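All values derive from a computational prediction rather than experimental measurement. By convention in this document, chain letters (A, B, ...) are assigned in the order of the sequence lines, proteins followed by strands, and residues within each chain are numbered from 1.
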Protein chains: 2
Amino acid sequence: MNKTSTGNAQAPRPDGEDGSTPTNRGTARAQVDTAVRSALLTGRFIPGKAVTLRGLAQELGVSPMPVREVIQRLAAENALNVKPNGRVQVPEMSPSRFDEILKARLLLEPELAEMALPQLDHADAKVLEDIDLEIDESISCGNAESYLRLNHAFHFKIYASSNSEILMPLVESLWLQFAPFMRTVYGRVGTANLVDWHKEAIRAIRNDDPTALNAAIAADIRDGMGILGRESLPEI
Amino acid sequence: MNKTSTGNAQAPRPDGEDGSTPTNRGTARAQVDTAVRSALLTGRFIPGKAVTLRGLAQELGVSPMPVREVIQRLAAENALNVKPNGRVQVPEMSPSRFDEILKARLLLEPELAEMALPQLDHADAKVLEDIDLEIDESISCGNAESYLRLNHAFHFKIYASSNSEILMPLVESLWLQFAPFMRTVYGRVGTANLVDWHKEAIRAIRNDDPTALNAAIAADIRDGMGILGRESLPEI
DNA sequence: TTGGCTATTTTGTGATCACAAAATTAGTCG
DNA sequence: CGACTAATTTTGTGATCACAAAATAGCCAA
C-alpha cells in the first residue's frame with residue numbers, strides 16, 4: 001500500500017495548480033489574524049457588525065478553519081463578542097464599558113510608557129515626531145481611518161520599547177476593544193478638536209522625564225476618549 | 001441508503017451508541033475550556049509542560065477540534081505559550097515576567113476590589129470568611145492545590161461583584177499566567193509563612209472602607225508573590 | 001395588508017483526513 | 001562507546017463534511 005490508505009476526499013491541492021506558492025506553514029492564520037486586527041484597529045469593522053466564519057474565510061480566500069482559530073483568539077481578548085447562540089459580532093459600546101476602558105487605559109498605559117522611557121533615544125523621538133506630523137495632516141484632512149492607524153502607531157512605537165510581556169498584551173486588548181467605537185465617533189464629530197499631547201510626550205522623551213511622559217500619555221488618553229466619548233454614546 | 005447523499009466519511013455518531021447524550025451544542029469546547037483553565041489555576045499544569053492537541057483531546061474524550069479552539073483562546077490570553085514551531089507549552093516564569101505580573105496585579109486588582117465594594121454586603125463577607133477558614137485549613141495541611149483553588153475563589157468572589165467587563169478579564173488573564181508558577185513555588189517552600197491579609201480585607205468590606213480594602217488587596221498580592229517569588233525564580 | 005406558519009438557507013460545531021515539518025527513535029559507522 | 005544519519009512517529013495546519021440550531025425567506029390564510 002502507498003501512504004494514502006483510505007479514500008482522499010478533501011484538500012488535495014494546498015496551492016493553485018502550479019507549485020507557485022508552497023503555502024508556508026502557519027501563513028493562513030497569521031494572514032487572517034493581522035487582517036482582522038487591522039480592520040478592527042482602523043475602524044473598518046463597525047460595532048454590531050456580524051462576523052461570519054464562511055464570510056470572512058471567503059473574503060480572505062482561505063478555508064473557514066484558520067478563521068475559526070482567529071475568531072476564538074480575538075474573542076478571548078474581548079475584541080469580538082460571541083453571542084450565546086454562537087454568532088460573532090464586533091462588540092457594541094456601552095457607557096459602563098467605555099468608562100472602564102478609560103480607567104484601564106489610564107492605569108496601564110502611562111505606566112507602560114514610563115517603562116519604555118529608558119529604552120527610547122533621540123532617534124525614536126524623531127520617528128515619533130514624524131508620525132505626529134502625519135497625524136496633524138490626517139486631522140486637517142479629516143481622514144479618520146488614517147488618524148486611527150497613525151495614533152495607534154504613535155502609542156505603540158513608545159510601548160514597544162518597554163519590552164513588556166505582560167502589560168503590553170493587556171493594552172493591545174484594550175485598543176482592540178475601543179478602536180471600532182472610536183471610528184464611529186470620529187466619523188461623526190470629526191477629529192479637528194483634538195488637543196495634541198503627543199508633542200508634550202515627545203518633549204518628555206527628549207528630556208528623559210518619566211513624570212512628564214506619564215502625565216502626557218494620561219492627558220492624551222483623557223482628551224482622546226473623554227472629550228469625544230461622552231456626547232456620542234448610545235445612551236447617557 | 002440513508003439520507004446522506006454523498007459518501008459519509010466521518011462523525012457518524014455524535015454520542016455513544018445509544019441516544020443517551022444528545023451532545024448539546026457547544027458543550028465540548030466549554031468542557032475543554034473549563035478543564036484546562038482549572039488545571040492551570042490549580043497548578044496541575046507545570047510550567048514548561050508540553051500541551052499537545054491530540055493528547056489533550058484523548059485525555060478529555062473529545063476530538064482535537066474543540067481543543068484547537070481552546071488552545072488558541074488561552075494562547076491569546078498568554079496562558080499558554082505557542083512556540084514558533086507551533087508546539088504549545090505552559091509558559092515558564094522569568095524574573096522580568098514575574099515583576100511585571102506583580103506590577104500589573106497591583107495596578108488592577110485593588111482598583112477592581114474597590115469597584116466591587118459597593119455591591120458587597122454582609123452575606124458576601126460571611127462567604128469570604130468561610131473561604132478564608134478553609135484557606136487556613138489548607139495552609140496548615142500543606143495542601144497547595146487546595147490553597148490555590150480557594151485563594152482564587154476568595155479574590156474572584158470579591159472581583160465578581162464589580163460587574164466589570166474590562167478589568168475583570170484582564171485580571172483573569174494575569175491569574176492564568178502566574179498560577180502555574182505559584183504552584184511550583186508553594187510546592188517547594190510551602191504555604192506556612194503566608195501573612196493573612198484576607199481577614200483585613202473582610203474587615204474593610206464590613207466597614208465599607210474602600211481605602212482599607214484597596215490596601216488589604218495590595219498587601220495580599222505583595223506578600224503572596226513578593227515573599228515567595230524572589231528566592232524561587234529560575235535565575236536572579 | 002398582515003400575522004403566523006413552514007420551507008429554505010445560513011451558520012457554528014464537532015469530526016476526520018491528508019500533508020509537511022519537526023521531534024524522536026533506530027541503526028550504523030567510525 | 002559515542003556521534004551522525006536515516007527511518008519512524010508525533011504533531012500542528014489547512015481543508016472538507018455532516019449535522020443541528022438559528023435566522024431568513026416564502027407562503028398561505030384571515
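Counting heavy atoms from C-beta outward, B:I101 and B:M93 have side chains that approach closer than 4.5 Å.
Between B:D33 and B:R37 a salt bridge is recorded (basic side-chain N to carboxylate O distance below 4.0 Å).
In this structure, B:R68 places its CZ atom 8 Å from P of D:dG14, rounding to the nearest Å. In this structure, the CG atom of B:L56 is 11 Å from the P atom of D:dT11, given to the nearest Å. Here the C1' atom of nucleotide C:dG14 and the CD atom of B:Q58 are 17 Å apart, to the nearest Å. Look at CG on B:L60: it is 16 Å from C1' on C:dA15, rounded to the nearest Å. Distance, A:I71 CD1 to C:dG14 P: 14 Å, rounded to whole Å. We find that CD of B:E69 is positioned 6 Å from P of C:dT13, with the value rounded to whole Å. As a whole-Å value, the separation of A:M65 CE from C:dC17 P is 14 Å.
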Task: Verdict with supporting geometry, A:F178 and A:R105, side chain to side chain contact (heavy atoms under 4.5 Å, CB included) - done: CA-CA 10 Å; A:F178 74 80; A:R105 291 192 66 194; 3.3 Å; yes
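Listed here is the closest heavy atom pair of A:L112 and A:M168: CD2-CA, 4.0 Å. Across all non-hydrogen atoms, the minimal contact from B:G224 to B:M182 is O-CE, 3.3 Å.
Near-neighbour residues of DNA chain C inside residues 45-55 of chain A, defined by a heavy atom below 4.0 Å, number-ordered: A:V51, A:T52, A:L53, A:R54.
Contact annotation for B:R29: backbone-only contact, meaning every heavy-atom pair under 4.0 Å involves sugar-phosphate atoms and none involves a base.
With ring centers used as reference points, A:Y159 lies under 6.0 Å from A:F156.
A:S96 and A:E100 share no side-chain donor-acceptor pair at under 3.5 Å.
For the OP1/OP2 pair of C:dG14 and a distance below 4.0 Å, the side-chain nitrogens and oxygens of B:S63 include no atom meeting the criterion.
Looking at the side chain of A:Q72, the nearest of the listed nucleotides C:dT13, D:dA15, C:dT16 is C:dT13.
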Less than 3.5 Å apart, which donor and acceptor atoms pair up between the side chains of residues 39-62 of chain B and the rest of the protein, not counting sequence neighbours?
| residue | atom | partner | partner atom | Å |
| --- | --- | --- | --- | --- |
| B:T42 | OG1 | B:S38 | O | 2.9 |
| B:T42 | OG1 | B:R44 | NH1 | 2.8 |
| B:T52 | OG1 | B:G55 | N | 3.1 |

Tabulated below should be each protein N or O lying under 3.5 Å from an N or O of nucleotides 22-25 of chain C; please produce it.
| residue | atom | partner | partner atom | Å |
| --- | --- | --- | --- | --- |
| C:dA23 | OP1 | B:N85 | ND2 | 2.9 |

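Not one N or O on the side chain of A:S173 forms a donor-acceptor pair closer than 3.5 Å with the backbone of A:P169.
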